[in-house]
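I have placed the structure first, in the form of structure tokens, so that the comments after it can refer back to it.
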Amino acid sequence: MRTRFVRHLGPAESVIDVAGYGLVALNSLVDAPEGERIDRGELTEDSLRLLDEALTAGPPTFVGLHHPPVDLHVDLMDPIKLTTAEGLAEVLARHGNVVAVLVGHAHTMAITTFAGVPVLVGGGLVSTITTDAEDLPGIDYAQPPSIALHLVGDDHLVTHWRVV
Ligand SMILES: [Fe+2]
């Protein structure tokens, strides 16, 4: 399997081709002043331009960033999701080759959609953030860490979730 770095813009921002698929990694973290912490996510115009260029005539592509672009019905996390989701939606809507958007941040294995493409949310490693509908602690340290195994081919994606 051959991996090719197509472009590398800076911390956590790369365009990679591997086995006929693309991966565009975008940095949605917001720099905080010394001593402060910013948990919400943003994508810069440069990041969106990188994505737009990579998707143009690109292979079937996964888009990875830290923050979910939509509410997950989790009061703890929804206020600190991606706040520049409209710009991401506009870019995704211009292209038909996005396989899925892969995100983290929310500490809950979840699946949703955004701009017509699947959004797969990775689970937490040390904790799980629960929904308000569950009779569980808001941050549950008793649940095991998890990983997602993405299988592609035959024109579709299958994701298997595993606890580890
Ligand atoms: Fe986070």
Side-chain angles (χ1 to χ4, degrees), residues 5 7-16 18 21-52 54-55 61-93 98-150 152 157 159-164:
F5 279 88
R7 278 185 76 186
H8 178 73
L9 274 193
E13 296 206 294
S14 297
V15 179
I16 301 166
V18 56
Y21 287 84
L23 170 63
V24 180
L26 302 173
N27 182 10
S28 60
L29 301 180
V30 180
D31 287 337
E34 182 78 25
E36 289 185 33
R37 174 177 164 167
I38 298 175
D39 288 321
R40 73 175 187 281
E42 294 178 2
L43 289 175
T44 65
E45 288 300 317
D46 283 345
S47 295
L48 293 173
R49 194 172 310 112
L50 172 74
L51 176 61
D52 196 36
L55 291 175
T61 297
F62 291 86
V63 179
L65 64 152
H66 187 68
H67 296 80
V70 292
D71 284 341
L72 301 174
H73 303 288
V74 177
D75 278 354
L76 191 61
M77 302 307 294
D78 289 347
I80 54 173
K81 66 180 185 290
L82 186 73
T83 58
T84 53
E86 302 80 15
L88 177 61
E90 288 172 17
V91 174
L92 296 179
V98 179
V99 179
V101 175
L102 310 176
V103 301
H105 189 55
H107 293 223
T108 179
M109 292 181 283
I111 301 169
T112 183
T113 58
F114 174 72
V117 300
V119 176
L120 307 176
V121 186
L125 293 179
V126 297
S127 63
T128 295
I129 309 297
T130 60
T131 69
D132 306 323
E134 297 171 291
D135 187 20
L136 291 169
I139 302 175
D140 189 349
Y141 292 95
Q143 297 194 33
S146 60
I147 60 169
L149 178 62
H150 304 293
V152 290
L157 164 70
T159 298
H160 296 263
W161 304 97
R162 294 285 184 267
V163 294
V164 292

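Below, each value reflects all heavy atoms present in this structure, side chains not excepted, and no hydrogens, waters or symmetry copies. In each ligand, atom 1 is the first atom listed, and ligand 1 is the first ligand listed.
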Is any side-chain heavy atom of Q143 less than 4.5 Å from a side-chain heavy atom of T130?
-> yes
The atom of H66 among N, O or S that is nearest the Fe ion (ligand 1) is NE2
Nearest to the Fe ion (ligand 1) - the N/O/S atom of H105, by atom name | ND1
Under a 4.5 Å cut-off applied to non-hydrogen side-chain atoms, are I139 and I129 in contact?
-> yes
Is any NZ, NE, NH1 or NH2 atom of the basic residue among D46 and R49 found under 4.0 Å from an Asp or Glu carboxylate oxygen of the other?
-> yes
Greater than 12 external heavy atoms within 6.0 Å of D31's CG | no
Kindly confirm whether the Fe ion (ligand 1) is within less than 2.8 Å of some N/O/S atom in H67?
-> no
